[in-house]
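Labels below follow one simple rule: chain letters A, B, ... track the order of the sequence lines, proteins then strands, and each chain is numbered from 1.
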Amino acid sequence: MPELPEVETTVRGLKSLIGSTIISIKIHTPKLRFIIPKNIISIKSNLKIIEIKRRSKYILIILSNKQCILIHLGMSGRLRLFNKKKFQKEKHDHLILSTNKEHLMVFNDPRRFGFVDFDLYKNIIQKRYILNLGIEALDLSLTGKLLFKKINKKIVPIKQILLDQRIISGIGNIYASEILFNAKISPLERGMDLKLDHCKTLVCSIRNILTKAINSGGSSLKDYVSVDGTLGNFQKKFKVYGKDKSTINGKKIKKILQYGRSTYFCPDIQIKFKKRY
DNA sequence: AGGTCTGTTACTGA
DNA sequence: ATCAGTAACAGACC
């Protein structure tokens with residue numbers, strides 16, 4: 001269930017790999033969403049991992065010769081660290097990276113919507129999937145004013161705008177519902193109908209929800225776990241997502257479909273602007 | 001058996 | 001050219 005907070009939690013958990021030297025990379029499933037570049041297995045054994053960082057929902061592992069392993073977790077991908085002696089390969093373990101220390105890093109992804117890329121760092125950041133990304137959701141230069149400028153001509157609903165990685169990157173379907181509830185803005189509101197003040201509120205809610213989710217270790221729906229296998233907690237703090245059978249202060253939560261994705265919201269709290277006065 | 005699910009993008013048509 | 005909307009990818013789960 002990897003959106004920005006889960007990817008950030010994963011990246012933080014991988015920090016213990018920094019400084020290690022790669023010994024081998026084994027590919028068990030060559031074709032994920034895309035085919036894993038074959039030359040990844042030719043990584044020289046004297047290469048060190050010097051930095052691990054996140055861009056939107058992408059994980060970048062930077063090596064001492066300026067090459068970079070990029071991993072996207074897709075819908076169901078997970079990165080786990082194991083002690084070499086205790087590791088036993090499981091179903092859907094597609095790529096295993098072994099270091100000179102006791103660690104193994106394992107990429108597991110049942111649905112195979114994730115992918116792995118490998119190239120010089122300067123080439124990776126020129127790939128279209130990176131270049132097309134909009135401003136980071138937690139970038140401090142994302143202000144209400146900037147958001148307003150980006151969306152005030154858009155006819156699509158604000159829920160859809162939050163999911164559009166070209167406008168803001170990092171938010172996924174679950175946090176979009178939670179953010180809009182926090183901002184008391186209806187997911188059905190068109191981008192062009194949000195005033196500057198709404199955009200300011202929305203930016204606050206984006207920061208608020210994503211930051212709290214990161215501090216809770218992300219959310220564990222179904223099977224998301226951090227690199228050491230522990231569960232995130234933030235799903236316990238969901239106000240609307242997956243709660244269409246319950247109420248908030250006696251007000252019903254509704255589940256609707258928008259562009260084929262489920263949206264959860266409370267129509268009595270997230271009232272459409274035209275109906276307010 | 002059939003519907004649903006966290007993400008992304010190629011494609012279509014306006 | 002830009003914008004909006006749909007289909008497709010694969011497996012697990014209910």
Nearest-angstrom distance from the residue atom CZ of Phe34(A) to C1' of dT8(B)
8 Å
dT6(B), dG5(C), dT9(B): which one has an atom nearest the side-chain heavy atoms of Tyr58(A)?
dT9(B)
Mind calculating the distance between CZ (Arg166(A)) and P (dG7(B)) to the nearest angstrom?
16 Å
What nucleic acid atoms does Ile155(A) come within less than 4.0 Å of, heavy atoms only: base, sugar-phosphate, or nothing?
sugar-phosphate
Strictly below 4.0 Å: does Lys127(A) bring a side-chain N or O up to OP1 or OP2 of dT9(B)?
no
Measure NZ/Lys255(A) against C1'/dT4(B) and give the value in whole Å, please.
7 Å
Taking dT6(B), dG5(C), dA12(C) as options, the one with an atom nearest any side-chain atom of Tyr259(A) is dG5(C)
Whole angstrom is fine here: how far is it from CG in Asn173(A) over to P in dT4(B)?
14 Å
Under-4.0 Å side-chain N/O to phosphate OP1/OP2 contact, Arg128(A) with dA10(B)
yes
Separation of atom CG in Asp117(A) from atom C1' in dT8(B), rounded to whole Å:
15 Å
Return the pairing partner of dG3(B) with a 3.5 Å limit on both distances, Watson-Crick or G-U wobble; otherwise return none.
dC13(C)
Whether His72(A) contacts dT8(B) is assessed here as follows: a side-chain N or O lying under 4.0 Å from the phosphate OP1 or OP2. Is that the case?
yes
Are Arg78(A) and Asn108(A) close enough that a side-chain donor and a side-chain acceptor fall under 3.5 Å?
yes
Atom-pair distance (CD on Glu3(A); C1' on dG7(B)), nearest Å
9 Å
Phe148(A) and His198(A) aromatic centres sub-6.0 Å
no
For the residue pair Leu95(A) and Lys26(A), establish whether any side-chain heavy-atom pair is separated by less than 4.5 Å.
no
Quantified in whole Å, what is the P atom distance between nucleotide dA7(C) and nucleotide dG3(B)?
14 Å
Check the interface with nucleotides 7-9 of chain C: list each N/O to N/O pair with the protein under 3.5 Å, or write none.
{"from": "dC9(C)", "atom 1": "O2", "to": "Arg33(A)", "atom 2": "NH1", "distance (Å)": "3.4"}

Do Asn123(A) and Lys127(A) have a side chain donor and acceptor closer than 3.5 Å?
no
Tell me which nucleotide among dA4(C), dC5(B), dA12(C) gets nearest to the side chain of Leu257(A).
dC5(B)
Against the side chain of Lys91(A), the closest entry in dG7(B), dC5(B), dA12(C) is dA12(C)
The test is side chain to side chain donor-acceptor pair (under 3.5 Å); show your working for Lys272(A) and Ser186(A) and say whether it passes.
CA-CA 6 Å; Lys272(A) 288 268 279 172; Ser186(A) 166; 5.6 Å; no
Please confirm whether the shortest side-chain N or O distance from Gln165(A) to OP1 or OP2 of dT8(B) is below 4.0 Å.
yes
Could you state the CD-P distance from Gln160(A) to dT8(B), rounded to the nearest angstrom?
12 Å
Under 4.0 Å: is that the gap between some side-chain N or O of Ser76(A) and OP1 or OP2 of dA12(C)?
no
Pair Asp117(A)-Tyr129(A), side-chain donor/acceptor within less than 3.5 Å:
yes
Calculate the interatomic distance between Tyr175(A) atom OH and dT6(B) atom P; express it in whole Å.
13 Å
Exercise: do Asn65(A) and Lys48(A) side chains pair donor with acceptor under 3.5 Å
no
Got a sec, which residues hit side chain to side chain contact (heavy atoms under 4.5 Å, CB included) with Arg190(A), two or more places apart in sequence or on another chain?
Ile155(A), Met192(A), Asp193(A), Lys274(A)
